[in-house]
Amino acid sequence: MPGEDPWEAQQSCGANTPLRSAAAGGSGTSGQQARREAAQVGPGWPPPPTEAAPPRLGLPGRAAERLFPSGPAPATGSGSVRPRSDGRSGGDMESGGSFGAPLRCRLLFLAACWAVAATAAGEKVLPPPSNLSYSFIQICTLNWTWNPPENISSSCDLEYSSDILIDEVSQHKNEWRKSLFRVTDTVLNKEMRFKVRSECKNSNATNHSQWVETSVPPKGVPGTAAVGLSCVWHNLEYMFCMWHPGENASSDTNYTLFYWFDGLERHRECENYSVSQGSFECAFNFTFPQAANRYPPISILIRGDSENVMPVCATENPTTLVKPATPTIVKLLYVNNGIHLQWSESGTIPANCLSYEVRYHNGDSTTAQTIQVKFNSTSIPSVDRNSKYTFQVRAQPKVECYSSKFYSEWSEEKSIGENPNSAFNFLLIVTIPLIVTVSTIILLVYLKRLKILILPPIPDPREILKRMFGEQNEDPQSCAKEDCMNGYDGLIKEEEIHSLILIETPESSNSEKEHR
């Protein structure tokens with residue numbers, strides 16, 4: 001029922017039969033005749049009240065408290081009668097889990113009238129199953145159970161048709177079965193409705209019963225559930241899952257991932273969490289024996305750290321999530337007129353379950369060629385040894401083993417051969433920087449001399465005047481004639497040094513001697 005808490009454990013479910021009253025006037029039968037025909041049906045009709053369904057298997061108590069903090073695990077759920085067109089409920093449940101006595105009498109009376117009307121019209125209609133209920137047997141896994149209808153002929157090959165609707169949309173998962181249960185996956189973040197009816201498969205004279213149904217409404221604030229869940233099974237070694245927070249989830253919301261598959265005694269929690277650019281990520285070990293050729297579905301539950309965060313469930317076939325490891329090219333050599341290359345195999349995926357793509361291009365061409373290879377080696381015939389070839393490899397699971405469409409990452413590039421102009425290019429690359437370096441050194445060595453020749457330094461006039469006037473103030477008679485001449489010559493030489501640096505030549509030396 002819409003107001004019912006889907007996580008509250010219920011120990012029993014009442015009879016859930018959406019019965020309709022037949023129009024006696026349409027069949028032409030009067031009230032007295034209807035009562036007489038009802039008496040002819042037999043003492044077994046209307047059927048007696050059915051016993052309450054036994055308690056269903058649920059999640060362990062501690063695990064339930066951990067997964068569902070608002071209360072115990074949803075041990076069982078009850079069926080419900082769909083509302084009538086006048087807005088009133090088709091039936092109410094008492095606290096004990098069964099219909100009230102007056103209401104039960106009215107429903108049984110309507111059932112009798114319905115059967116009488118069908119009999120008067122010449123049709124036989126089966127009564128529907130009763131006590132439809134559900135229970136969580138693991139995370140994301142529901143077990144729906146029901147009781148068979150009463151007073152069914154032994155000649156009737158009774159079977160049950162069941163279907164699933166999510167948010168009132170059929171999932172096209174209708175099944176026929178003889179058993180009184182059905183195990184299905186659930187989603188938790190959307191309303192899930194289950195319905196079932198009975199039918200005699202070997203009798204064309206008997207119509208199937210009406211549908212009886214119940215639902216599991218979502219819990220939590222809409223828009224807070226994790227969205228965009230995607231998982232990849234890397235090289236059959238570990239599972240990597242990524243998801244985004246709901247649009248209405250607060251910025252400090254933390255999510256927890258639980259997983260379970262057939263073979264685990266109880267569900268497990270993922271522990272290796274990380275957050276990257278607003279996305280939640282988690283990785284956990286997920287391995288099977290290498291000889292295994294069948295893998296059970298994996299159930300994943302993501303819930304928040306608050307009961308207001310809506311949980312979400314997903315059940316995946318792991319063979320659709322396989323992504324091989326990236327190969328490594330281990331051999332690349334010339335053989336005759338071709339090139340032979342070989343790469344590493346996956347250590348966990350059988351060799352006969354992988355195919356490969358080899359991508360290569362010649363020289364500096366940007367257009368690559370791709371070839372399909374069934375094994376971990378291949379050869380490229382008739383190649384030009386004067387050209388350079390670059391290769392990459394990636395792996396893909398074969399459809400005979402896995403249903404995955406994931407490729408591995410491309411391997412690192414590996415090349416063989418050289419371009420025709422590679423030697424000339426190398427010479428240019430080495431020679432040009434060398435020439436530039438030598439030219440720079442030579443320029444720096446002669447830069448100072450060049451600067452002096454172009455822009456000679458200006459002598460300091462204070463030094464010149466000081467020395468000139470200093471020499472004139474001295475007594476001409478106090479110094480010998482040769483000493484005065486030597487001082488004068490020294491003054492002239494100093495002026496020449498300050499004005500210009502000259503290289504002494506033989507001619508300048510001779511002129512100086514004559515002057516003396």
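Just so we're clear, the structure is a prediction, and the values are computed from it rather than from any experiment. Only heavy atoms go into these numbers, but all of them, side chains included; no hydrogens, no water, no symmetry mates.
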* Asked: Does the N174 side chain pair with the main chain of S161, one donor and one acceptor, at a distance under 3.5 Å?
  -> no
* **C241/C270 sulfur gamma separation below 2.5 Å** => no
* Asked: Is the shortest heavy-atom distance from the side chain of L341 to the side chain of V358 under 4.5 Å?
  -> yes
* Does the pair S198 and S209 meet the rule for a side chain to side chain donor-acceptor pair (under 3.5 Å), with working shown? -> CA-CA 5 Å; S198 55; S209 71; 3.2 Å; yes
* Asked: Are T390 and S415 close enough that a side-chain donor and a side-chain acceptor fall under 3.5 Å?
  -> yes
* To do: Indicate yes or no: does E168 engage R193 in a salt bridge with an N to O separation below 4.0 Å.
  => yes
* To do: Quick one: do N285 and T287 satisfy side chain to side chain donor-acceptor pair (under 3.5 Å)? Show the steps, please.
  => CA-CA 6 Å; N285 292 331; T287 59; over 6 Å; no
* Min side-chain heavy-atom separation N207-L126 under 4.5 Å -> no
* To do: Would you please test T141 and S299 for side-chain contact (heavy atoms from CB on, under 4.5 Å) and show each step?
  => CA-CA 8 Å; T141 306; S299 299; 4.1 Å; yes
* Is the closest side-chain heavy-atom distance between L180 and N147 below 4.5 Å? -> no
* CG on D185 to CG on L188, rounded to 0.5 Å -> 10.5 Å
* Without hydrogens or angle criteria, can the side chains of S408 and T326 be said to hold a donor-acceptor pair below 3.5 Å? -> no
* Asked: Between W176 and Y160, is the ring centre distance below 6.0 Å?
  -> no
* Which pair of heavy atoms, one from P324 and one from P397, lies closest together, and at what distance? -> CG-CD, 3.7 Å
* Asked: So with a 6.0 Å cut-off around CZ of F375, is the heavy-atom count from everything else above 12?
  -> no
* **Any side-chain heavy-atom pair of F391 and K414 under 4.5 Å** => no
* To do: Give a yes or no on whether K190 atom NZ has more than 12 heavy-atom contacts from other residues, nucleotides or ligands under 6.0 Å away.
  => no
* Asked: Once the angle between the rings of H234 and Y238 is folded into 0 to 90°, is it parallel (under 30°), tilted (30 to 60°) or perpendicular (over 60°)?
  -> parallel
* To do: Identify the heavy atoms of C313 and T186 that sit nearest to each other, and give their distance.
  => CB-O, 3.2 Å
* Asked: Run the side-chain contact (heavy atoms from CB on, under 4.5 Å) check on L354 and S346 step by step: do they pass?
  -> CA-CA 9 Å; L354 288 177; S346 170; 3.8 Å; yes
* To do: Please say whether more than 12 non-hydrogen atoms of neighbouring residues, nucleotides or ligands are located less than 6.0 Å from CZ in F181.
  => no
* **Residue E412 excluded, over 12 heavy atoms near CD under 6.0 Å** => no
* Structure fact -> Closest heavy-atom pair, N235 versus A325, reported as atoms and distance to 0.1 Å, is OD1-N, 3.3 Å
* Please lay out, stage by stage, how S276 and S279 fare under the test side chain to side chain donor-acceptor pair (under 3.5 Å). => CA-CA 5 Å; S276 175; S279 299; over 6 Å; no
* Do F261 and F288 make the cut of ring centroids closer than 6.0 angstrom? -> yes
* Spacing of K173 atom NZ and I166 atom CD1 [to the nearest 0.5 Å] -> 6.5 Å
* Asked: Should the pair E400-K398 be classified as a salt bridge under the 4.0 Å nitrogen-to-oxygen rule?
  -> no
* **Identified ring-ring contact (aromatic ring centres under 6.0 Å, His included) partner of Y134 from the options W146, F194, W144** => W144
* To do: For K331, look at atom NZ and say whether over 12 heavy atoms of other residues, nucleotides or ligands are found less than 6.0 Å away.
  => no
* Using a strict cut-off of less than 4.0 Å between a Lys/Arg side-chain nitrogen and an Asp/Glu carboxylate oxygen, indicate whether E409 and R394 qualify as a salt bridge. => no
* Asked: What distance do I329 atom CD1 and S377 atom OG have between them, rounded to the nearest 0.5 Å?
  -> 12.5 Å
* Interatomic spacing from CE in M192 to OG1 in T184 - rounded to 0.5 Å -> 3.5 Å
* Atom pair NZ (K195) and OG (S215), whose distance is rounded to the nearest 0.5 Å -> 13.0 Å
* **Shortest non-hydrogen contact between A226 and Y255, atoms and distance** => N-CE2, 3.9 Å
* To do: Hey, can you tell me if Y360 and Y389 have their rings parallel, tilted or perpendicular (30° and 60° cut-offs)?
  => tilted
* Structure fact -> In terms of heavy-atom contacts, T253 and F280 come closest through O-CZ, 3.5 Å
* Which value, rounded to the nearest 0.5 Å, describes the distance between I302 atom CD1 and Y259 atom OH? -> 13.5 Å
* To do: Compute the ring centroids of F406 and W233, then answer whether they are less than 6.0 Å apart.
  => no
* Answer yes or no on whether R268 is positioned over the face of W260, meaning its NZ or CZ is under 6.0 Å from the six-membered ring centre and within 45° of the axis. => no
* Asked: Given side chains that start at C-beta, do those of I152 and P127 come closer than 4.5 Å, heavy atoms only?
  -> yes
* Asked: Where do Q396 and E357 land on the side chain to side chain donor-acceptor pair (under 3.5 Å) test, with the steps shown first?
  -> CA-CA 8 Å; Q396 181 189 24; E357 280 190 0; over 6 Å; no
* **Heavy-atom side-chain proximity of I371 to I380 below 4.5 angstrom** => yes
* Are side-chain heavy atoms of L321 and M239 found at a separation under 4.5 Å? -> yes
* To do: Check each of T319, T315, T320 against N317 using the side-chain hydrogen bond (donor to acceptor under 3.5 Å, both in side chains) test, and report the only one that passes.
  => T319
* **E175 side chain to S162 side chain, donor-acceptor N/O pair below 3.5 angstrom** => no
* Asked: Side chains of T256 and D305: closer than 4.5 Å at any heavy-atom pair?
  -> no
* Stepwise side-chain contact (heavy atoms from CB on, under 4.5 Å) test for N308 and T224 -> CA-CA 8 Å; N308 295 325; T224 58; over 6 Å; no
* For side-chain contact (heavy atoms from CB on, under 4.5 Å), just list the numbers for R182 and R177, CA-CA rounded to whole Å, side-chain angles, deciding distance to a tenth of an Å, and then say yes or no. => CA-CA 9 Å; R182 180 179 174 182; R177 60 178 57 215; 4.0 Å; yes
